[in-house]
Amino acid sequence: MSSKVYTLEEVSKHNTKDDCWLIIGGKVSSPFFSLPASPPTPAQFFFLLLEIQWFLDFNFSWKNYDWTVYDVTKFLEDHPGGDDVLLSSTAKDATDDFEDVGHSTTARAMMDEYLVGEIDATTIPTKVKYTPPKQPHYNQDKTPEFVIKILQFLVPLAILGLAVAVRIYTKSESA
């Protein structure tokens with residue numbers, strides 16, 4: 001594993017088809033299982049501890065993909081999702097993009113081939129929860145659309161009432 005540490009600004013410069021780098025991190029994976037995204041139930045926690053103990057007893061290696069940088073330029077043409085998928089994930093933390101697809105263990109094993117270093121996690125901005133801007137309160141009863149809707153209802157009703165009144169008037173005079 002390369003020990004070169006990059007900043008987000010350095011990695012962000014590599015965002016073309018001729019030079020494409022990705023940041024994938026925040027996950028720990030092993031050859032057999034991955035850690036749950038949410039807090040495990042007591043039963044899951046128990047089995048997780050058993051698996052960890054088994055790994056420690058048999059000295060299996062863990063692959064830690066915690067904030068690592070990959071040069072995927074050579075893989076752009078071969079990527080099953082196309083090169084646009086990889087290019088759209090440059091210059092940012094691409095972990096969610098990578099994990100949401102559900103890559104196979106073969107794809108995860110291929111990552112070592114493209115590893116170029118690690119990223120300084122302090123250069124990656126924290127994710128901010130989106131809060132919509134405050135909208136001014138508006139009264140829909142005073143909009144031109146509301147007036148048009150009222151007229152669309154009242155004009156046909158007035159025409160119908162006028163037709164009924166004319167019919168009643170002409171029928172009473174003829175009798």
Side-chain angles (χ1 to χ4, degrees), residues 1-138 140 145:
M1 180 171 181
S2 176
S3 61
K4 175 90 169 119
V5 177
Y6 298 94
T7 64
L8 178 62
E9 183 179 347
E10 291 172 318
V11 175
S12 297
K13 295 176 185 175
H14 304 274
N15 61 356
T16 65
K17 285 188 177 188
D18 298 326
D19 189 20
C20 181
W21 288 17
L22 297 179
I23 302 166
I24 300 175
K27 304 283 185 202
V28 176
S29 66
S30 74
F32 302 103
F33 73 95
S34 60
L35 296 175
S38 59
T41 64
Q44 288 173 327
F45 184 71
F46 174 75
F47 285 109
L48 182 63
L49 288 177
L50 287 177
E51 288 177 304
I52 291 170
Q53 183 61 46
W54 188 75
F55 274 96
L56 295 175
D57 288 345
F58 291 100
N59 295 321
F60 281 100
S61 63
W62 289 63
K63 295 180 182 178
N64 186 353
Y65 297 124
D66 196 24
W67 302 110
T68 49
V69 180
Y70 299 92
D71 181 356
V72 294
T73 308
K74 296 176 192 171
F75 187 63
L76 285 176
E77 291 180 12
D78 298 330
H79 188 263
D83 59 354
D84 290 337
V85 173
L86 295 176
L87 288 169
S88 69
S89 298
T90 60
K92 65 176 186 171
D93 174 15
T95 306
D96 290 338
D97 296 339
F98 181 80
E99 295 295 335
D100 288 347
V101 174
H103 284 90
S104 66
T105 53
T106 306
R108 292 176 188 278
M110 289 175 60
M111 292 173 71
D112 290 338
E113 180 181 338
Y114 302 104
L115 182 66
V116 292
E118 298 175 3
I119 187 134
D120 181 3
T122 60
T123 63
I124 297 177
T126 58
K127 294 181 182 176
V128 180
K129 184 181 176 191
Y130 175 75
T131 54
K134 298 274 185 197
Q135 295 290 327
H137 178 72
Y138 92 107
Q140 69 178 12
E145 293 88 16

Can you name the side-chain hydrogen bond (donor to acceptor under 3.5 Å, both in side chains) partners of T122, sequence neighbours left out? D120
Kindly compute the distance separating OG1 (T68) from CD1 (I24), expressed to the nearest 0.5 Å. 6.5 Å
Look up atom CG in D112 and atom OH in Y70, then write down how far apart they are to the nearest 0.5 Å. 6.5 Å
Taking atom CD1 of I119 and atom CG of D93, what is their separation to the nearest 0.5 Å? 8.5 Å
Only one of T73, D19, D71 forms a side-chain hydrogen bond (donor to acceptor under 3.5 Å, both in side chains) with H14, so which one is it? D19
Under the side-chain contact (heavy atoms from CB on, under 4.5 Å) rule, what do L22 and T90 come out as? Steps first, then yes or no, please. CA-CA 5 Å; L22 297 179; T90 60; 3.9 Å; yes
Looking only at heavy atoms, what is the nearest atom pair of R108 and H103, with distance? NE-O, 3.6 Å
Which heavy-atom pair separates S89 from D97 by the least distance, and what is that distance? OG-OD2, 2.9 Å
Nearest 0.5 angstrom please: N15 CG to L86 CG, how far? 13.0 Å
Please check this pair: side chain of T123 against backbone of T7, looking for a donor-acceptor N/O pair closer than 3.5 Å. no
List in chain and number order the residues that pass salt bridge (Lys or Arg N to Asp or Glu O under 4.0 Å) with K17, two or more places apart in sequence or in another chain; answer none if no residue qualifies. D83
Just to verify, what does E113 make a side-chain contact (heavy atoms from CB on, under 4.5 Å) with, not counting sequence neighbours? none
Can you tell me how the ring of Y114 sits relative to the ring of F75, calling it parallel under 30°, perpendicular over 60° and tilted otherwise? tilted
